[in-house]
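Note sheet for the following structure.
In each ligand, atom 1 is the first atom listed, and ligand 1 is the first ligand listed. Here the structure is a predicted model, which means the values were calculated and not measured.
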Amino acid sequence: MKTKKVTKAVFPVAGLGTRFLPATKSIPKEIMTLVDRPLIQYAIDEARAAGIKEFIFVTSRGKSALEDYFDNAPELESELRKKGKTDLLDVLKDTNMESGAIAYMRQTRPLGLGHAVWCARRLIGDEPFAVLLPDDVIAADKACLQQMVEAYEQTGGCMVAAMEVPPAKASSYGVLDIEEDMGSIVKAKGMVEKPKAEEAPSNLAVIGRYILTPKVLTNLNRMKQGAGGEIQLTDAIAEEVGGEGGVFGYRFRGMRYDCGSKAGFLQATVAFGLSRPDLNEEFSVYLNEIVAQQKAAQ
Ligand code: G1P
């Protein structure tokens, strides 16, 4: 299918991060680090791997640390250069953005995820775009969004990352109502945001990666309130079911960590710590010791 290339991505980063207070009193949640990289860096790396060239951040008050993070740091860089620390200069490269590649848009009122994406409408214009929720960190051999871009080239329409969750957990997610299950790609006949457990149409949950048509932005113009009184992205996507392109779920290959929760953040820290060649040995010895101690104490 002939689809337009996806080159723009929206990163909704306006949330208060109250689940991580007091840490998030003075630092944005997205700057919290897994090992030594902030959450937002994982999302940016994934978007880059998928061919994204323009990065649109929807921010709010108190998020200026994010802007500094993606700016050049001339003093730090010249100091490292003077000391010959080329390895550290290399590490910093991932944080540099070409001038004009990154834009910040403020969401002045917390009206929901759909509203946050709508705030970026003028920067998106009339083309398909990606949305990445940095709370969802996905470890994968091939970047999750890259997998989705490839699947989207077959289907067109709107595509959301999807994952089976235990039925009792479905009410924490957007949930897909399945029309046709083709394996990794699923055609949806509906989508519900945070359904009651007994009303969930399936246990296939939406994870924070989306490829959307600009029509979704038009749907958001109506500012319809959904679950929790918020303007929900899920609802605006669901309106495209049966529309021109349709809505698809994509079962990605990879491990998703819910870094919006403390337990998920800790799990990701352990997993990413273990996956680092420079830390693996020391860290796994330590973890084994802790487990042994816990067992002995039981
Ligand atoms: C958001 C979306 C929801 C999705 C989830 C994935 O919810 O509204 O549809 O399933 O992200 O992480 P939130 O977790 O922000 O409440």
Side-chain angles (χ1 to χ4, degrees), residues 9-20 24 28-30 32 34 39-40 42-43 46 57-60 107 110-120 130-140 144-145 148 158-178 186 188 190-197 199-212 216 219-220 223-241 247-252 254-265 267-268:
V10 178
F11 300 81
V13 291
L16 289 175
T18 47
R19 273 192 265 180
F20 285 92
T24 45
K29 173 176 66 168
E30 299 77 17
M32 297 203 330
L34 290 176
L39 284 186
I40 190 68
Y42 291 89
E46 185 182 325
F57 281 42
V58 180
T59 69
S60 59
Q107 183 191 27
L111 298 181
L113 177 60
H115 179 260
V117 171
W118 175 83
C119 288
V131 177
L132 293 93
L133 310 186
D135 274 4
D136 283 330
V137 175
I138 301 173
C144 175
L145 190 64
M148 288 175 71
C158 290
M159 179 167 278
V160 300
M163 182 181 105
E164 257 79 28
V165 296
K169 292 261 169 82
S171 52
S172 306
Y173 295 89
V175 178
L176 289 162
D177 194 355
I178 301 170
V186 169
M191 247 172 106
V192 196
E193 179 68 12
K194 311 224 165 73
K196 289 194 190 117
E199 285 167 14
S202 75
N203 64 338
L204 192 58
V206 177
I207 299 305
R209 301 290 184 272
Y210 307 78
I211 296 176
L212 302 177
V216 172
N219 300 345
L220 286 167
M223 298 286 157
K224 233 169 61 194
Q225 284 185 6
E230 296 189 345
I231 297 159
Q232 296 290 354
L233 186 58
T234 299
D235 297 343
I237 301 169
E239 285 186 45
E240 289 311 292
V241 166
V247 176
F248 299 88
Y250 178 75
R251 288 191 183 95
F252 56 92
M255 182 72 193
R256 173 254 185 177
Y257 297 94
D258 173 13
C259 290
S261 80
K262 286 174 201 164
F265 197 94
Q267 286 159 16

query: Considering all protein heavy atoms, does one lie under 4.0 Å from atom 15 (O) of ligand 1?
result: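 Under the 4.0 Å cut-off, atom 15 (O) of ligand 1 has no protein heavy-atom neighbours at all.
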- prompt: Does atom 7 (O) of ligand 1 have any protein heavy atom closer than 4.0 Å?
  reply: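 Looking at atom 7 (O) of ligand 1, one finds that a protein heavy atom does lie closer than 4.0 Å.
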N/O to N/O below 3.5 Å, does that happen between [X] and ligand 1?
{"X": "Ser172", "value": "no"}
{"X": "Val206", "value": "yes"}
{"X": "Gly174", "value": "yes"}
{"X": "Glu193", "value": "yes"}

query: Just one of Val10, Val117, Leu133 clears the side chain to side chain contact (heavy atoms under 4.5 Å, CB included) bar with Tyr210, so which one?
result: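 Considering Val10, Val117, Leu133, a side chain to side chain contact (heavy atoms under 4.5 Å, CB included) with Tyr210 is found only for Leu133.
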field: From CA spacing to verdict: side chain to side chain contact (heavy atoms under 4.5 Å, CB included), Val160, Met191
entry: CA-CA 10 Å; Val160 300; Met191 247 172 106; 4.0 Å; yes
task: Please list, chain by chain and in numerical order, all residues satisfying ring-ring contact (aromatic ring centres under 6.0 Å, His included) with Tyr42, sequence neighbours excluded.
output: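 For Tyr42, the residues satisfying ring-ring contact (aromatic ring centres under 6.0 Å, His included) (neighbours in sequence not counted) are Phe272.
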- prompt: With backbone taken as N, CA, C and O and side chain as the heavy atoms from C-beta onward, which portion of Arg256 lies under 4.0 Å from ligand 1: side chain, backbone, both, or neither?
  reply: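 Just the side chain.
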Residue portion contacting ligand 1 (non-hydrogen atoms closer than 4.0 Å) for Leu133: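 For Leu133, only side-chain atoms sit under 4.0 Å from ligand 1.
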Tabulate below the donor-acceptor pairs under 3.5 Å that side-chain atoms of residues 229-239 make, not counting sequence neighbours, or state none.
residue: Gln232; atom: NE2; partner: Ala227; partner atom: O; Å: 2.9
residue: Thr234; atom: OG1; partner: Glu193; partner atom: OE1; Å: 2.5
residue: Glu239; atom: OE1; partner: Arg222; partner atom: NH2; Å: 2.3

- request: Decide whether the shortest distance between a heavy atom of Thr234 and an atom of ligand 1 is less than 4.0 Å.
  value: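 Thr234 counts as a contact of ligand 1 under the 4.0 Å cut-off.
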query: Out of curiosity, is Met191 lining ligand 1, as in a heavy atom under 4.0 Å away?
result: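 Contact check Met191 vs ligand 1: negative.
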- request: Identify, by atom number and element, the atoms of ligand 1 in contact range of Lys194, meaning under 4.0 Å from any of its heavy atoms.
  value: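 The atoms of ligand 1 under 4.0 Å from a heavy atom of Lys194 are 7 (O), 13 (P), 16 (O).
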- prompt: Between atom CE of Met163 and atom CG of Asn203, what is the distance when rounded to the nearest 0.5 Å?
  reply: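 Answer rounded to 0.5 Å: 10.0 Å.
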query: If you round to the nearest 0.5 Å, how far is CG of Leu132 from SG of Cys144?
result: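 Rounded to the nearest 0.5 Å, the SG-CG separation comes to 8.5 Å.
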message: Apply side chain to side chain contact (heavy atoms under 4.5 Å, CB included) to residues Met148 and Phe252 and explain how you reach the verdict.
response: CA-CA 8 Å; Met148 288 175 71; Phe252 56 92; 5.6 Å; no
- prompt: Can you tell me the protein heavy atom closest to atom 12 (O) of ligand 1 and the distance?
  reply: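 Going atom by atom, the protein heavy atom closest to atom 12 (O) of ligand 1 ends up being Asp136 OD2, 2.8 Å.
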- prompt: Stepwise, does the side chain to side chain contact (heavy atoms under 4.5 Å, CB included) test hold for Leu34 with Leu39?
  reply: CA-CA 7 Å; Leu34 290 176; Leu39 284 186; 3.8 Å; yes
